[in-house]
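Report on the structure given below.
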Amino acid sequence: MSHVPGSDLSKMAKGSVVLYLFAVAVVGQALTPSTFLTTVDRERLRSVFESAQPYTDAANAHYSILGLKLLGATIPKEQEVCRSVTSSVEANSVASWFHASSAAKALSGCKLSPGNAEKLLTAAVAEDSSVADIYYAYFALKNLGLAVDGKKVLAALTEALKKDDSPLSHSYAFRVATELNTDLNKYFDLIEDVVAQADEVDDKYLQFEGGLFVSASVVDSSYKLAGKVGKAPTISQDKVLKFANYFMSRKHVHQLKSAYALLSAINTLTDNKFHVPVRVTNLMGGSLGKLTVTADSAKNVGDQSVVVNKKQFKATNEESLYEMDFMANKPSSGFYKVTISVEAQKADSRLIGTSGASVTVKVTTQIAVESVEIGVADKDQGSAPKPARIQYPRSKDHSFETDFHQKNVGGSAKDFGYKSGKYNVELIVGDAVIENPISWKLADVALTFQEMPATGKKVDQYAKKPEIKHMFREPEKRPSKTVSLAFTGLVLVPFAILFICWMKIGVNISNFPFSVSAIGFHVCLGALFGLYYMYWTTFNMFDTLRYLGLLGIPTFIFGNRLLSSIAARRKGEKS
C-alpha cells in the first residue's frame, strides 16, 4: 500500500551534554548511597512536621518541634507553642511526660512544671518496668531537672533487657547508656549482635522488622553510643550503606514519628566521627569540601564499547556540583553506564561508598527523513509502479484509489473489518534516544474491499454468557412403603425365631456375670447397634465415624475385661 524506497536517518549530535552527578540516579548494585535529601525532600518533610500544628498531643509536639529543629527551621510564636505543649501533658503517663519535656526543652524559654511527676517517673525506673518506660522516665527526669539515680537506671535496664531483647529495646538502652557515666563497653559490644538481626532486601537495603522507626532508632542510637565510647561501631561499611539506602528509599514518609526518626538517623550518618556515606554530597545534600571526581569508565549498555576511561570531572562555581563534557568523546546514540569514584583532597577516613557508583547516561540524536516515495501497484502488473515523491512534512495533495485488485489490499480486508472508505497513511519514526520523533501523514487512500464472506449469524464473543448452575445428582427413587415394611419384617424374622427357640428350650442366664465389665460391654454393644440404625436413618458417614470412635474405646475396654474374667473363672473351675 505504501512504499518508502529510501529513508536516511542522519544523526545530528547535540552541542554538549553536561553530567550533573548530584542529580543523576545511581543504578546497578554498587554499594553507594542511592540518593540524598534534596531541597524538595526537605521541604516535604518540613510540611509533614508543620501539619501537626496546632499541638494537642505531646508526642506530636515532640516529633514535630525536634524535626523542624533538625531541618534548621524556626518555630514561630514559640511562647504560644510552649503553652500548647505544657497543657497537653497527661499527668499519669510516663510517655507523655517524656514527649512534653523533650518538646519544651527544644523551645527557648519554655518551662514545664514537674508538679507531682517526680514520684511517678522515679517509680517507673524499676526492674519490673519495660525498657521503653525506663527510657521515657530517665529522659523525662533529666529534661525536668530532677535527680536521677544512675546505678538504679543501669540495674533496671539490665533486668528489662533480659525480658525484652528486641532491636528497639536495645536502641532505647543505647540512648540511656550514652548519657550515664559508666563503663559503656558492655552496651557497645551489643551493637554487633543487634545489627546482625537486620534483614537484607535485594542485596541493597538493610532494615529491621518493625520498619523505618525501629531501623532508624537502632542506627541513630548505635552511632551516638559509639561517639561516646570513642570507637567506630561494629557495623561494616557495606551494612552502613545498605541502611542508608533503606532510609533514602523511605524519604517520602508522611507519618510524623517515622519522619522524625528518619531525619535524625540521616543527620547522624551525615555528621559522625566514623562513617559518612557520600554521593558527591552527603546524605543531607551538604558539601564534603574539595573532591576529585573521576569517571573510571563509560560503557555502551548495548555493545559494551568503552568511550571514557579515567576522565576527571571539572569543579564548578557551585559546591558539590561537578561536570564533564561527555559528548567530547563523540559517543554514538544510546545508553551508557558511567562508573564513578570520588576522592577527598583532604583525607577523611569516615567517607564510605566513594567508589563503584554507577549512573546511566542517555545520548540522544536527531533524525531527518528524506527521499520518500509512495505508490500503488496492481497484482498482475509486471513492472514497478511510478511512485510519487513526497517532501517532509507535506502530504500528497490527492488521494490514492485502491481496491482488492491491488497488492496487499485484499489480504488485509479482515484487519480492516471489510470496511471500505478513506484512510490516512502515516509514517511514524521514534526511539528512546531520538530527540525529534516523527509522526507524518503521507497521504489519504481510499480502500475498497470485497464483501465480507457469509459466516452465518455473527456472534459477539464478549457478550454475557448464560449463568452456569451446578446440577446435583438427583437421589434415587425410594421403594414403596409396602416393600420397606416387608423388608423390615424379614430382617426381624431371625430375632423372632431366636426368641421362640429360647421359649421352647429355656434360657439359662445363671452364668451371666453381673459385673461392671459385663453390663458395660453389653450396653456398649447395644449402643453400637443403635448407631447402625441411626446411620441408616439420620447420620451421615462422618457423624457415624465420630460416634463409633467414642463408643469403640469403652466397648474394647469392657469386652477385654469381660473375656479375661470368663477365662479366669473357667481356669479356676478346671483346677
Side-chain angles (χ1 to χ4, degrees), residues 1-20 23-25 27 298-305 307 325-338 359-379 381 383-450 452 461-462:
M1 182 172 66
S2 62
H3 177 59
V4 185
S7 296
D8 298 330
L9 305 180
S10 62
K11 294 187 293 183
M12 294 179 284
K14 295 174 69 176
S16 175
V17 174
V18 180
L19 181 64
Y20 296 92
V24 181
V27 297
K299 291 183 180 181
N300 189 296
V301 175
D303 58 18
Q304 295 296 304
S305 60
V307 297
D325 187 356
F326 192 73
M327 295 305 296
N329 303 284
K330 297 182 179 179
S332 59
S333 59
F335 290 89
Y336 292 83
K337 182 180 180 181
V338 184
V359 297
T360 299
V361 177
K362 180 171 71 173
V363 177
T364 60
T365 187
Q366 294 183 350
I367 61 171
V369 181
E370 301 175 355
S371 303
V372 177
E373 296 180 341
I374 184 170
V376 179
D378 291 334
K379 290 181 179 179
Q381 186 173 344
S383 59
K386 184 178 180 180
R389 184 178 293 276
I390 307 175
Q391 187 68 35
Y392 179 78
R394 292 184 298 174
S395 302
K396 189 63 180 171
D397 52 3
H398 68 273
S399 300
F400 291 94
E401 300 289 337
T402 62
D403 57 27
F404 55 89
H405 296 293
Q406 271 79 36
K407 287 185 178 180
N408 297 326
V409 176
S412 303
K414 187 176 180 181
D415 298 333
F416 289 86
Y418 296 91
K419 294 181 179 179
S420 301
K422 183 181 287 188
Y423 291 85
N424 294 332
V425 180
E426 293 186 11
L427 174 65
I428 299 175
V429 183
D431 189 78
V433 295
I434 292 178
E435 292 182 29
N436 57 330
I438 294 173
S439 178
W440 175 23
K441 179 184 175 182
L442 298 174
D444 293 329
V445 58
L447 298 178
T448 303
F449 299 107
Q450 64 269 40
M452 182 185 295
Q461 60 178 333
Y462 301 108

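Quick caveat, the model's predicted, so the values are computed rather than measured.
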CG-OG distance between D444 and S395, expressed to the nearest 0.5 angstrom:
7.5 Å

Just wondering, do Y336 and V301 contact through their side chains at under 4.5 Å, heavy atoms?
no

If you count heavy atoms of other groups shown closer than 6.0 angstrom to CD of Q391, is the number above 12?
no

Does S333 reach the main-chain N or O of I434 with its side chain, forming a donor-acceptor pair under 3.5 Å?
no

Which value, rounded to the nearest 0.5 Å, describes the distance between I438 atom CD1 and Q366 atom CD?
10.5 Å

Would you call V372 and Y392 a side-chain contact if the rule is heavy atoms closer than 4.5 Å?
no

Are P387 and I374 packed together at the side-chain level, in the sense that at least one heavy-atom pair is separated by less than 4.5 angstrom?
no

Is there side-chain contact between L447 and S420, with at least one heavy-atom pair below 4.5 Å?
no

Tell me the closest heavy-atom pair linking G430 and P437, and the distance in Å.
CA-CB, 4.1 Å

Between A446 and E401, what is the shortest heavy-atom contact and its length?
CB-OE1, 3.5 Å

Roughly how far, to the nearest 0.5 Å, is CG of L442 from CG of L427?
5.5 Å

Smallest separation among heavy atoms of Q304 and K299, with atom names:
OE1-CD, 3.8 Å

With a 4.5 Å limit on heavy-atom distance, are the side chains of W440 and V369 in contact?
yes

Check the pair V429 / I367 against side chain to side chain contact (heavy atoms under 4.5 Å, CB included), numbers first and verdict last.
CA-CA 9 Å; V429 183; I367 61 171; 3.4 Å; yes

